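Single-structure report; data block below.
Count residues from 1 along the sequence. Small disclaimer: the values here were computed from a predicted structure and weren't measured.
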Amino acid sequence: MKISKIIHENQSSPKAEIEQFAIDVLTGLCSIPKQLSAKYFYDDTGSEIFQKITQHEDYYLTKTEFRILNEIKYTLPQIIGEDEIDIIELGAGDGHKTQIILEGFLERNYKVNYYPIDISEKAMTMLETNINSHKNLKVHGIVAEYFDGLRYLRSKSLNKQLVLFLGSNIGNFNRAQNQGFLRRLWNSLNALDYVLIGFDLKKNISILTRAYNDSAGYTREFNLNLLRRINRDLGGDFDLNKFQHFGIYNPILGSMESYLLAIEEHDIYIKELEHSFHFDAFEPIHLEYSFKFLKSDIEFMSKHTGFKVIQHFSDTQEFFIDSLWKVTKENRK
């Protein structure tokens, strides 16, 4: 795998990352209510726990999307109808879903240039082990913020592009944020390029609640690991036994919400910040939103951000949709 590093060295150095982590923790724990950013879930331990979550019977999302992608892997190249394509993935992932899509194009004799974009160079090297080599496949990792990476690629290639944003990552944004994100994505692409986006659909609340409060306790450990990371990297003294995981569906927002609740009144100290934080009994730390969608939501978003829905691909239970969109732009003289 070739890797190009677009991100500045001072943005990606371990010292800079710790400093940013510290700033975000200070800001979050001084907020009302307290909050911590979900982007810090994925240290090595967090990534390992998340893999266990995705394989657990209570968590339907990953296995459902795998089934959808296996069913459509030959449909996508037929719809797009090119000889060569750039497949761009926002977020490197572990490569297992991507491998399904790549196989569909390669087995239909496409020349494929695969460009994963991620701010983590380590994620690129981990991804490489799960992507099978092929004579018609070139893999080029881009270490960059998403839109910096997309601008870089457009300057290097005029091929038709298919951008992958899988796994319901779009659900981590609220309604305003996802429209802003999608409009920036539209602005980064050419007319007639494609995007394939994963959307977790609204469904029976008990299914959602079970997925985010799995019976093995993996989600609990995943969330508590964020406190463990603060202890390790910032010199915190969180006692994990004093916090309880709580996942609940908010029907007004249409979102699953994840919290850690302090089960007793106490104070914690973070050495890197030289600051103590007080917790009342049962005071929450908000960790994550995971928004759920209706088909009408998906169609509204595509229409209002410059895309046209080509086809929704769903499972038989309609738990999840991978939606294929085409970029629409007026020709301007």
Side-chain angles (χ1 to χ4, degrees), residues 6 37-39 61 65 68-69 72 75-76 79-82 85-93 97-98 101 115-119 142 144-155 157-202 250 252-256 288-314 318-333:
I6 310 304
S37 174
K39 72 180 182 180
L61 286 87
E65 189 173 30
I68 293 170
L69 296 178
I72 69 170
T75 305
L76 294 174
I79 290 174
I80 294 174
E82 297 283 327
I85 191 166
D86 295 345
I87 296 181
I88 302 165
E89 186 163 19
L90 303 183
K97 292 177 186 175
T98 315
I101 295 173
Y115 299 99
I117 301 176
D118 200 288
I119 61 171
I142 308 296
E145 300 285 353
Y146 290 161
F147 296 107
D148 292 337
L150 285 168
R151 281 192 294 273
Y152 170 80
L153 290 178
R154 181 51 73 196
S155 70
S157 171
L158 296 177
N159 293 328
K160 184 70 63 66
Q161 295 185 341
L162 168 63
V163 175
L164 309 178
F165 196 49
L166 305 175
S168 195
N169 287 320
I170 193 73
N172 293 327
F173 304 138
N174 64 33
R175 303 307 189 201
Q177 289 169 336
N178 67 35
Q179 290 197 55
F181 173 84
L182 291 169
R183 189 61 179 182
R184 288 189 71 188
L185 180 58
W186 173 89
N187 198 47
S188 301
L189 300 174
N190 286 339
L192 307 182
D193 284 339
Y194 291 85
V195 299
L196 184 69
I197 306 179
F199 294 92
D200 193 18
L201 299 179
K202 292 181 178 179
N250 184 329
I252 304 300
L253 295 179
S255 174
M256 285 298 302
E288 184 177 31
Y289 287 112
S290 183
F291 286 88
K292 310 304 172 186
F293 302 88
L294 299 171
K295 286 183 181 178
S296 57
D297 297 326
I298 300 171
E299 288 157 5
F300 177 89
M301 283 189 291
S302 66
K303 178 180 179 181
H304 289 272
T305 55
F307 297 90
K308 177 183 178 182
V309 173
I310 301 303
Q311 192 167 343
H312 295 316
F313 301 104
S314 188
E318 296 197 335
F319 279 4
F320 196 93
I321 278 178
D322 280 303
S323 191
L324 182 65
W325 298 358
K326 183 186 286 188
V327 177
T328 60
K329 295 190 179 184
E330 295 179 2
N331 291 323
R332 294 182 174 86
K333 295 182 180 180

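- Proximity of Asn190 to Gln161: side-chain heavy atoms (C-beta onward) are nowhere separated by under 4.5 Å.
- Atom CD1 of residue Ile101 and atom CG of residue Leu76 lie 6.5 Å apart, to the nearest 0.5 angstrom.
- A side-chain contact (heavy atoms from CB on, under 4.5 Å) with Leu196 is found for exactly one of Ile87, Leu69, Ile310, namely Leu69.
- Minimum heavy-atom separation, Ala144 to Asp148: CB-CB, 4.4 Å.
- When every heavy atom of Lys97 is checked against every heavy atom of Gly167, the shortest pair comes out as NZ-CA, 3.6 Å.
- Annotation: the span from Lys295 atom NZ to Ser323 atom OG amounts to 10.0 Å, rounded to 0.5 Å.
- Residues satisfying the salt bridge (Lys or Arg N to Asp or Glu O under 4.0 Å) criterion with Lys303, sequence neighbours excluded, are absent altogether.
- With sequence neighbours excluded, no residue satisfies ring pair (Phe, Tyr, Trp, His ring centres under 6.0 Å) with Tyr146.
- Under the 4.5 Å side-chain criterion, counting only non-hydrogen atoms from C-beta, Val163 is not in contact with Ile117.
- Looking at Ile142 and Ile88, their side chains never come closer than 4.5 Å, going by heavy atoms from C-beta outward.
- Residues Leu166 and Asn169 share a closest heavy-atom pair of O-ND2, 2.9 Å.
- With contacts defined as side-chain heavy-atom distances shorter than 4.5 Å, the pair Leu182/Ile170 qualifies.
- The ring pair (Phe, Tyr, Trp, His ring centres under 6.0 Å) check on His312 picks up nothing, with sequence neighbours excluded.
- For Asn159, the side chain to side chain contact (heavy atoms under 4.5 Å, CB included) criterion is met by Glu84, Asp86, Asn113, Ser157, not counting sequence neighbours.
- Counting heavy atoms from C-beta outward, Phe291 and Arg175 have side chains that approach closer than 4.5 Å.
- Contact record, Ser168 with Leu61: CB-CD2, 4.3 Å, taken as the closest heavy-atom pair.
- Looking only at distances, a side-chain donor or acceptor of Lys329 sits under 3.5 Å from a matching main-chain atom of Trp186.
- Every side chain to side chain contact (heavy atoms under 4.5 Å, CB included) that Ser290 has, sequence neighbours left out, goes to Tyr212, Met256, Lys292.
- The shortest side-chain heavy-atom distance between Phe307 and Val327 falls under the 4.5 Å cut-off.
- Expressed to the nearest 0.5 Å, how far CG of Leu185 lies from CG of Asn178 amounts to 12.0 Å.
- With sequence neighbours excluded, the residues satisfying side chain to side chain contact (heavy atoms under 4.5 Å, CB included) with Phe300 are Gln179, His304.
- The salt bridge (Lys or Arg N to Asp or Glu O under 4.0 Å) check on Lys326 picks up nothing, with sequence neighbours excluded.
- Distance check: Thr98 OG1 to Leu164 CG gives 6.5 Å after rounding to the nearest 0.5 Å.
- To the nearest 0.5 Å, atom CD of residue Glu82 and atom OH of residue Tyr194 are 8.0 Å apart.
- Annotation: salt bridge (Lys or Arg N to Asp or Glu O under 4.0 Å) contacts of Glu89 (sequence neighbours excluded): none.
- Judged by distance alone, the side chain of Asn187 and the main-chain N or O of Arg184 form no donor-acceptor pair under 3.5 Å.
- Arg154 pairs by the salt bridge (Lys or Arg N to Asp or Glu O under 4.0 Å) definition with Asp193, not counting sequence neighbours.
- Side-chain contact between Val309 and Trp325 is present, with at least one heavy-atom pair separated by less than 4.5 Å.
- Legend: residues meeting ring pair (Phe, Tyr, Trp, His ring centres under 6.0 Å) with Phe320, ordered by chain and number and at least two apart, are absent.
- Within the model, atoms CG of Leu192 and NZ of Lys160 stand 5.5 Å from one another, a figure rounded to the nearest 0.5 Å.
- Between Phe165 and Leu90 the shortest side-chain heavy-atom distance falls below 4.5 Å.
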Practice task
I would like to know whether Ile197 and Ile298 meet side-chain contact (heavy atoms from CB on, under 4.5 Å); could you show each step before the answer?
Solution key: CA-CA 10 Å; Ile197 306 179; Ile298 300 171; over 6 Å; no

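- With sequence neighbours excluded, the residues that form a ring pair (Phe, Tyr, Trp, His ring centres under 6.0 Å) with Phe293 are Phe199.
- For Thr75, the side chain to side chain contact (heavy atoms under 4.5 Å, CB included) partners two or more places apart in sequence, or in a different chain, are Ile72, Ile79, Phe313.
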